[in-house]
Participant: 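One structure, pasted below without further comment.
Keep in mind that what you see is a predicted model, and the values were worked out from it rather than measured. Lettering follows sequence order; numbering is per chain, from 1.
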Number of protein chains: 2
Amino acid sequence: MATEGPAPVHAPSMADVAALAGVSHQTVSRVVNEHPSVLPDTRERVQAAIAALGYRRNSAARALVTRRSGVLGAITIGGTHYGPTSTLLELEDAARAAGFVVTVATLRQGDEAAVGHALERLLEIGVEGVAVVAPTTQVADVLSGLRATVPVVLVSSYTEGPRPEGVHAVAVGQRAGARLATEHLLAHGRAEVVHVAGPQDWFDARDRVAGWRDACEAAGVPARTPIGAGWDAADGYAAGRRLLDEGLPPAVFAANDQLALGLLRALSEAGVRVPDDVAVVGFDDEPGAAFYSPPLTTVRQDFAALGRAAVDSLTSVLAGGDPGDRVLTPQLVIRASSAT
Amino acid sequence: MATEGPAPVHAPSMADVAALAGVSHQTVSRVVNEHPSVLPDTRERVQAAIAALGYRRNSAARALVTRRSGVLGAITIGGTHYGPTSTLLELEDAARAAGFVVTVATLRQGDEAAVGHALERLLEIGVEGVAVVAPTTQVADVLSGLRATVPVVLVSSYTEGPRPEGVHAVAVGQRAGARLATEHLLAHGRAEVVHVAGPQDWFDARDRVAGWRDACEAAGVPARTPIGAGWDAADGYAAGRRLLDEGLPPAVFAANDQLALGLLRALSEAGVRVPDDVAVVGFDDEPGAAFYSPPLTTVRQDFAALGRAAVDSLTSVLAGGDPGDRVLTPQLVIRASSAT
DNA sequence: CCATATAGTCCTCCAAGCCCC
DNA sequence: CGGGGCTTGGAGGACTATATG
């Protein structure tokens, strides 16, 4: 009981500000919300009181009455995959521009069934919309079962199966990107392109397979069964070892840059020259890709635009519209690994 | 006015559940909050009503009355730096385990003064604590000026200058890690170690310089002025070009793996053999580091532990304790780039 | 035109009430 | 008739929206 100084006071409320400024709390509300009907003089007095007290509006009370939290949720797959990570960061940026903050819920990899819990967690804190940056089939399946009460956007290609009610999608065209990469290799005289695929429960990985196959078929070249397992450099390395055993193709299209990195390593260890003996193309254009040995030809995705598209989709549903799906165009970045 | 079907009803409230279950709203609250004093029979009836209505408690109302939001804020520097990104993901994981969700606010790089706005945004939505994963001096300076009303933890080394009131820090020992790397090189017969430094407004970069210098001084070898500019592979490449001009040292310690990657590229282009002519060590142990050419010796940080430590720090302040600062131990991972 | 009162948002805490032994 | 387990009603909490001076 013998505490020193004044008791720690609560954060100031509108009523406190109103008292200090000699107005009603309603007038304070007007000032805070930039309502026009306040005399300049009154406004200034109120603002002075706000500054003096260090008043900060209480978002809980505000959310309670407006039924709007100003929060968007993002569900993302754990791990440091370049794509999802970048998308998340850009999403946050776009959300801020639209007046929202973003609350994230990550999924431990391999635990995609936890999407349900993650979504529940987000809904419970009152998010107004959810972006799912965890583009696996399991996630989409779970989502189909859940009739969310808020708009949900899938940040990923989603070209197969029935779209769950009220779920939209935005994506960078994975299939188009893969076709771009494969066509590039074929156009430069490579008679065959082997594909090192990503995990087939990711939509992106599936679409990259599809795009590669499109290009092979269009060119009338054989499409050997893709090899691959995960997204990591170690998987790419293993794929490289296997290709060395089974016979090297003139060109390889790896489903992402990390796979390409591991592949390059395996080839280098075996004394295989890139691009002379084998041309290699990746996907993502990771920060380091231009400095691999050799610098990697790859497919760049505009994650900033993707993030903006996701937020646009959500806000437009919130505004009562139907955004439809949006597919962005990827871009081929040519470097030494595929030079002729 | 001619809408079809029933008007879209509001989300069910406790009162609705109570009415359906034939109890008072208070009893519903008890059930939801797992209070013991509810008859099993009543509890089940209430739970059935909750399920039937799809009731979800309103976090705004809850936060309003409990004065607890269950939200932690994270301020992180934009861009896809491996360290901050991983830390953020792990932080989220640890926060969930502690019963919190995490709301992120990213900073556009070079706009560190925006920490103030970011913090303001987070405080306005009522976060209970803030983790700052954007370890630059500017950020720390701004933080010093702001007397935040909630606990703040700096996820970074913070070895210089006065600690702002109420701001704690958790970090992986950058200085120790750098010393480890440098000592490793010196112990394997390299007579000099040049340092390619990161941006000196990052605490981590500064500490890595300090650790490198420690080791040089302890071994009595000259410590040439570090070169470097940013964190990116392009900066490492530029540093490599410069070293090629000025004369190659027997060993280089790069402040992160991306710098090392660019450096390796520059050396490779010039026909310099690693580790025969020059040994190289990086920092971070990025996912691809084991597959660089050659595989990179580097310093690994335990980001999961770091994330947990940050959350621990926050929750312990929230519980009225004083967590003090915590420094985790980094680990040297030896690969071919430094083999003798 | 500007400012004030009053009602309503959904929940948790507190004090009191009921019932049954 | 008193006490513990279960339940209830009412009072905020900080704000916005809708009348009302």
Side-chain angles (χ1 to χ4, degrees), chain A residues 8-50 53-71 99 123-128 149, chain B residues 8-50 53-71 99 123-128 149:
Chain A
V9 285
H10 280 167
S13 74
M14 259 185 186
D16 300 325
V17 175
L20 182 58
V23 297
S24 78
H25 64 135
Q26 178 56 277
T27 301
V28 177
S29 174
R30 287 252 175 75
V31 172
V32 169
N33 294 309
E34 293 173 341
H35 188 100
S37 299
V38 181
L39 284 179
D41 181 46
T42 312
R43 179 190 312 279
E44 270 171 37
R45 230 164 358 124
V46 170
Q47 276 163 345
I50 287 175
L53 259 38
Y55 168 75
R56 193 170 282 137
R57 68 179 167 199
N58 181 321
S59 73
R62 187 182 163 78
L64 180 57
V65 65
T66 59
R67 298 169 176 285
R68 295 204 37 196
S69 64
V71 179
L123 290 176
E124 202 159 83
I125 64 161
V127 295
E128 294 185 48
T149 52
Chain B
V9 284
H10 280 166
S13 74
M14 256 185 188
D16 300 325
V17 175
L20 182 58
V23 297
S24 78
H25 63 133
Q26 176 58 287
T27 302
V28 178
S29 174
R30 285 255 173 73
V31 172
V32 169
N33 294 312
E34 293 172 341
H35 188 99
S37 299
V38 180
L39 285 178
D41 181 46
T42 313
R43 181 190 311 280
E44 270 171 39
R45 227 159 7 116
V46 170
Q47 275 163 345
I50 286 175
L53 260 37
Y55 169 74
R56 194 170 281 136
R57 67 180 167 198
N58 181 320
S59 71
R62 187 182 165 78
L64 180 58
V65 66
T66 60
R67 297 169 176 284
R68 295 204 38 196
S69 64
V71 179
L123 291 176
E124 200 159 83
I125 64 161
V127 295
E128 294 186 49
T149 51

Participant: Tell me: CG of B:Leu39 to C1' of C:dC20, nearest whole Å?
Facilitator: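 Result: 12 Å.
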Participant: Whole Å only: how far is the CZ atom of B:Arg56 from the P atom of C:dC11?
Facilitator: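 Value for this atom pair: 12 Å.
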Participant: Rounded to the nearest 0.5 Å, what separation is found between the CZ atom of A:Arg62 and the OG atom of A:Ser29?
Facilitator: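 Taking CZ in A:Arg62 and OG in A:Ser29, the distance rounds to 8.0 Å.
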Participant: With sugar-phosphate meaning primed atoms plus P, OP1 and OP2, does A:Arg57 contact a base, only sugar-phosphate, or nothing at under 4.0 Å between heavy atoms?
Facilitator: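 Here A:Arg57 touches the backbone only, sparing every base.
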Participant: Do B:Ile50 and B:Arg56 touch side chain to side chain, with heavy atoms closer than 4.5 Å?
Facilitator: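 Side-chain contact under 4.5 Å: no.
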Participant: Say you draw a straight line from CZ of A:Arg57 to CE of A:Met14; how long is it, rounded to the nearest 0.5 Å?
Facilitator: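 Reported value, rounded in 0.5 Å steps: 8.0 Å.
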Participant: Just by distance, no angles: are the side chains of A:Arg67 and B:Asn58 close enough, under 3.5 Å, to form a donor-acceptor pair?
Facilitator: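 Not at all, the side chains of A:Arg67 and B:Asn58 share no donor-acceptor pair under 3.5 Å.
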Participant: Among D:dT8, D:dT16, C:dT4, which nucleotide has an atom closest to any side-chain atom of A:Ser24?
Facilitator: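 Ranking D:dT8, D:dT16, C:dT4 by closest atom to the A:Ser24 side chain puts C:dT4 first.
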Participant: Using a 4.0 Å heavy-atom cut-off across all strands, classify B:Ser13 as base, sugar-phosphate, or nothing.
Facilitator: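 Result for B:Ser13 = sugar-phosphate.
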Participant: Can you check the B:His25 NE2 to C:dC13 P distance for me, whole Å?
Facilitator: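 The answer, rounded to whole Å, is 13 Å.
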Participant: Nearest of C:dT12, C:dC11, C:dA3 to any side-chain atom of B:Ser29?
Facilitator: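 So the side chain of B:Ser29 is nearest to C:dT12.
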Participant: Let me know the distance between CD1 of B:Ile50 and P of C:dC11, rounded to the nearest Å.
Facilitator: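 It is 10 Å, rounded to the nearest whole Å.
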Participant: Could you tell me whether A:Arg67 contacts a base, only the sugar-phosphate backbone, or nothing, with contacts defined as non-hydrogen atoms closer than 4.0 Å?
Facilitator: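 Counting heavy atoms under 4.0 Å across all strands, the contact made by A:Arg67 is with sugar-phosphate only.
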Participant: In whole angstroms, how far is the C1' atom of C:dC19 from the CG atom of B:Asp41?
Facilitator: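 B:Asp41 atom CG is separated from C:dC19 atom C1' by 16 Å.
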Participant: Among D:dT7, C:dT12, C:dA3, which nucleotide has an atom closest to any side-chain atom of A:Thr27?
Facilitator: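 Per side-chain heavy atoms of A:Thr27, the pick is C:dA3.
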Participant: Taking the minimum atom-to-atom distance to the side chain of B:Val23, which one of D:dT8, C:dA3, C:dT6 wins?
Facilitator: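 Shortest atom-to-atom distance from the side chain points to D:dT8.
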Participant: Closer to the 5' end of DNA chain D via nearest nucleotide, is it B:Val65 or B:Pro36?
Facilitator: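 Between the two, 5'-proximity favours B:Pro36.
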Participant: In whole angstrom, give the distance that lies between atom CZ of A:Arg68 and atom C1' of C:dC10.
Facilitator: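 To the nearest whole Å, that distance equals 19 Å.
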Participant: Within this structure, what is the CZ-OG1 distance for the pair A:Arg68 and A:Thr66, rounded to the nearest 0.5 Å?
Facilitator: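 OG1 of A:Thr66 is found 7.0 Å from CZ of A:Arg68.
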Participant: Could you say whether A:Arg43 or B:Ser59 is positioned toward the 5' end of DNA chain C, judged by the nucleotide with the nearest heavy atom to each?
Facilitator: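 Its nucleotide being nearer the 5' end, the pick is A:Arg43.
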Participant: Go through D:dC15, C:dC11, C:dA3 for me and flag the one nearest to the B:Arg62 side chain.
Facilitator: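 Among the listed nucleotides, the one closest to the side chain of B:Arg62 is C:dC11.
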Participant: Tell me what B:Leu64 touches on the nucleic acid: a base, only sugar-phosphate, or nothing, going by heavy atoms under 4.0 Å.
Facilitator: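 It contacts base atoms.
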Participant: Atom CG of A:Asn58 to atom C1' of D:dG13: distance rounded to whole Å?
Facilitator: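 Nearest whole value for this atom pair: 8 Å.
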Participant: Of all the nucleotides listed (C:dC11, D:dT7, D:dC15), which has the minimum atom distance to the side chain of B:Tyr55?
Facilitator: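 Given the options C:dC11, D:dT7, D:dC15, the side chain of B:Tyr55 is closest to C:dC11.
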Participant: From C-beta outward on A:Asn33, which listed nucleotide comes closest to its side chain: C:dA3, C:dT12, D:dT16?
Facilitator: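 Out of C:dA3, C:dT12, D:dT16, the nucleotide with an atom closest to A:Asn33's side chain is D:dT16.
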Participant: Just the rounded figure in Å: distance from P of C:dT6 to CE of A:Met14.
Facilitator: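 Taking CE of A:Met14 and P of C:dT6, I get 19 Å after rounding.
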Participant: Between D:dC6, D:dT8, C:dA5, spot the one nearest the side chain of B:Gln26, thanks.
Facilitator: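 The closest nucleotide is D:dT8.
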Participant: Quick check for you: among D:dT16, C:dT12, D:dC6, whose closest atom lies nearest to any side-chain atom of B:Thr66?
Facilitator: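 The answer is C:dT12, which lies nearest to the side chain.
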Participant: How many angstroms lie between CD in B:Glu128 and CG in B:Leu123, if you round to the nearest 0.5 Å?
Facilitator: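 The CG atom of B:Leu123 is 12.0 Å from CD of B:Glu128, to the nearest 0.5 Å.
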Participant: Compare side-chain N and O positions of B:Thr42 against OP1 and OP2 of D:dT7 and report whether any pair is under 4.0 Å apart.
Facilitator: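 For D:dT7, OP1/OP2 do have a side-chain N/O of B:Thr42 under 4.0 Å.
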